[in-house]
Protein chains: 2
Amino acid sequence: MARLQPNILVVEDDRETRTLIAKYLRNNSCNVTIASDGREMFRAMTDHRVDLIILDVMLPGEDGLSLCRTVRAQSHTPIIMLTARGEDVDRILGLEMGADDYLAKPFNPRELLARINAVLRRQAIAGTASANDGATALTFLRWRIDFRLRELRNPEGARVAMTSAEFDLLWTFCERPGRVLSRESLLDLTQGRNAGSFERSIDVLVSRIRRKIEPDQQEPTLIKTVRSGGYMFTPRVDAVGAGN
Amino acid sequence: MARLQPNILVVEDDRETRTLIAKYLRNNSCNVTIASDGREMFRAMTDHRVDLIILDVMLPGEDGLSLCRTVRAQSHTPIIMLTARGEDVDRILGLEMGADDYLAKPFNPRELLARINAVLRRQAIAGTASANDGATALTFLRWRIDFRLRELRNPEGARVAMTSAEFDLLWTFCERPGRVLSRESLLDLTQGRNAGSFERSIDVLVSRIRRKIEPDQQEPTLIKTVRSGGYMFTPRVDAVGAGN
DNA sequence: GCGATCTGTTATATTCTGTTACTAAAGCCG
DNA sequence: CGGCTTTAGTAACAGAATATAACAGATCGC
């Protein structure tokens with residue numbers, strides 16, 4: 001769903017932080033470009049396609065907030081802002097700045113990755129609404145999960161009520177079919193939360209989802225348990241265009 | 001999308017307020033012209049292109065309401081009116097005056113900026129959508145919401161009574177379909193946070209709107225709840241288009 | 001002013017969600 | 001095959017978030 005190797009532009013003046021972020025993202029299948037100020041940022045943006053910008057609030061010269069507005073005025077490239085703690089979050093995310101998400105320093109790089117994924121995913125959805133290809137829904141075994149509408153329909157076409165958390169988890173599974181996902185990474189992906197050591201919340205959620213979608217309660221066929229590994233969503237998943 | 005440096009014309013007789021607004025807007029990438037009464041306003045308008053007018057209701061000589069009507073009759077330049085509390089909002093925004101938005105004094109300048117952006121964006125969309133004046137209405141699932149008339153019609157074409165606050169909120173939703181809006185930003189967008197209202201008030205309003213527009217009271221399909229996130233307006237696919 | 005309407009607040013009911021605890025199942029080892 | 005250990009499934013619970021009825025102050029239209 002999300003681009004396989006998204007181009008991330010990291011705009012951050014502190015060399016150490018910058019390198020750290022870049023390294024981490026590169027280790028996690030992102031193409032990373034770095035810039036230390038607004039000028040370099042714009043150069044990079046005209047240079048090649050940028051899928052997402054990570055933008056520090058504090059920058060020499062024109063500051064991040066101002067840059068954010070400017071970028072926003074010209075393009076729809078999503079922006080995640082790195083803020084200091086206690087920054088006025090509403091304004092950053094609100095109409096005025098229009099950033100897509102933010103992260104307060106100091107942050108956990110995994111958390112950043114989770115946010116990036118979330119934003120890109122949203123972007124993919126939003127993009128289809130107006131313009132181009134991308135899918136807004138996935139189907140598996142004649143079930144259909146629509147991210148934009150946040151609804152799940154069974155093979156008969158009836159809506160199946162899902163709570164927010166259940167939906168998010170199922171969505172995450174659908175995006176990564178056929179891969180074993182650890183509880184930890186599932187927690188990360190759905191909530192950007194660092195897993196507290198032994199939490200069984202994923203187990204419980206899986207159980208609740210299974211009750212709603214598994215044809216045979218005794219023998220799960222959709223979400224398989226991988227002992228001491230996590231869970232795996234097994235059915236073949238097809239992308240479906242806008243929900244018409 | 002939005003003009004990079006929109007030309008804003010501020011019409012306000014109180015020098016202090018006027019200067020404050022101008023200063024703030026200039027700091028936020030706007031070109032600002034000021035006028036202290038109707039005469040100066042018209043002079044400015046013939047002088048150069050004006051993208052948006054901020055117009056105080058109380059003015060010496062010909063008052064803001066009257067000026068608003070006049071401008072409206074001649075051009076499509078969007079207008080945001082500054083009103084005193086308790087002013088008749090429906091009338092100001094409605095057919096009679098035709099302002100595009102309003103803000104009750106005293107207001108937060110950041111909120112003003114947000115409104116400006118919103119109006120300009122709408123304008124941009126309306127402009128590109130097809131041709132002309134139109135685009136004062138949106139349709140979703142055969143419902144039709146008309147911003148100018150401030151009325152809502154159901155698929156059968158019957159008017160559905162909406163109170164001012166309900167309409168404002170629904171409008172806000174319609175402008176941002178498919179996005180999760182936090183209670184906080186909804187408050188900001190509808191009232192500018194001046195009024196110290198609690199976030200629960202959004203819940204109550206949503207509940208009231210749902211009662212009027214949701215086909216199934218048990219299972220909302222239009223305004224979805226995103227737990228600990230806010231609400232999301234999810235009209236089906238074709239839904240949002242210029243009301244032609 | 002007076003009744004009708006609107007709107008935010010409060011209180012209560014309902015729903016959701018993560019945790020805990022207990023049970024069942026799976027692996028391990030002799 | 002049994003015991004023993006580890007891991008998963010899920011009922012039950014408690015805290016959090018949401019839905020909505022009811023209330024009261026504000027506002028509107030006469």
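Proteins get letters first, then strands, A, B, ... in listed order; numbering begins at 1 in each. Computed from a predicted structure; not experimentally measured.
- With no hydrogens or angles considered, a side-chain donor-acceptor pair links B:Asp90 and B:Ser164 at under 3.5 Å.
- A donor-acceptor pair is defined here as one N or O able to donate and one able to accept, closer than 3.5 Å; no such pair exists between the side chain of A:Glu214 and the backbone of A:Glu219.
- The side chain of A:Arg200 lies closest to D:dG9 when the candidates are C:dA25, D:dG9, C:dT7.
- Nearest-nucleotide positions on DNA chain C for A:Met162 and A:Arg227 put A:Met162 closer to the 5' end.
- Tested against A:Glu166, the residues A:Arg208, A:Arg150, A:Lys212 include a single salt bridge (Lys or Arg N to Asp or Glu O under 4.0 Å) partner, A:Lys212.
- Note on A:Ser201: every side-chain N or O is 4.0 Å or more away from OP1 and OP2 of C:dG18.
- Phosphate proximity of D:dA17 to B:Thr225: absent, as no side-chain N or O sits under 4.0 Å from OP1 or OP2.
- In this structure, B:Arg211 atom CZ and D:dA22 atom C1' are separated by 12 Å, rounded to whole Å.
- With distances taken from any side-chain atom of B:Arg208 to the nucleotides D:dT18, C:dC6, C:dT9, the minimum falls on C:dT9.
- Regarding contacts with the backbone of C:dC16, every side-chain N or O of A:Ser164 stays at 4.0 angstrom or more from both OP1 and OP2.
- The nearest whole Å value for the distance from the CG atom in A:Leu205 to the C1' atom in D:dA8 is 15 Å.
- The phosphate of D:dA17 (OP1 or OP2) has no side-chain N or O of B:Tyr231 nearer than 4.0 angstrom.
- Within the structure, a side-chain polar atom (N or O) of B:Arg210 is placed less than 4.0 Å from OP1 or OP2 of D:dA19.
- At D:dA8, none of the side-chain N or O atoms of A:Ser228 fall inside 4.0 Å of OP1 or OP2 (strictly under the cut-off).
- Whole-Å rounding puts the B:Glu166 CD to C:dG8 C1' distance at 13 Å.
- Atom CG in B:Leu170 sits about 14 Å away from atom P in C:dT7, given to the nearest Å.
- Within 4.0 Å (heavy atoms only), B:Val204 reaches at least one base atom of the nucleic acid.
- Rounded to a whole Å, the CG atom of A:Asp168 is 9 Å from the P atom of C:dT17.
- With hydrogens and angles disregarded, no donor-acceptor distance shorter than 3.5 Å links the side chain of A:Glu151 to the backbone of A:Val160.
- Protein atom CG of B:Leu186 is 12 Å distant from nucleotide atom P of D:dT18, rounded to whole Å.
- As rounded to whole Å, 12 Å separates atom P of D:dG9 from atom CD1 of A:Ile202.
- Between the CD atom of A:Glu184 and the P atom of D:dA8 there is a distance of 14 Å, given to the nearest Å.
- In this structure, A:Met232 places its CE atom where more than 12 heavy-atom neighbours from other residues, nucleotides or ligands lie under 6.0 Å away.
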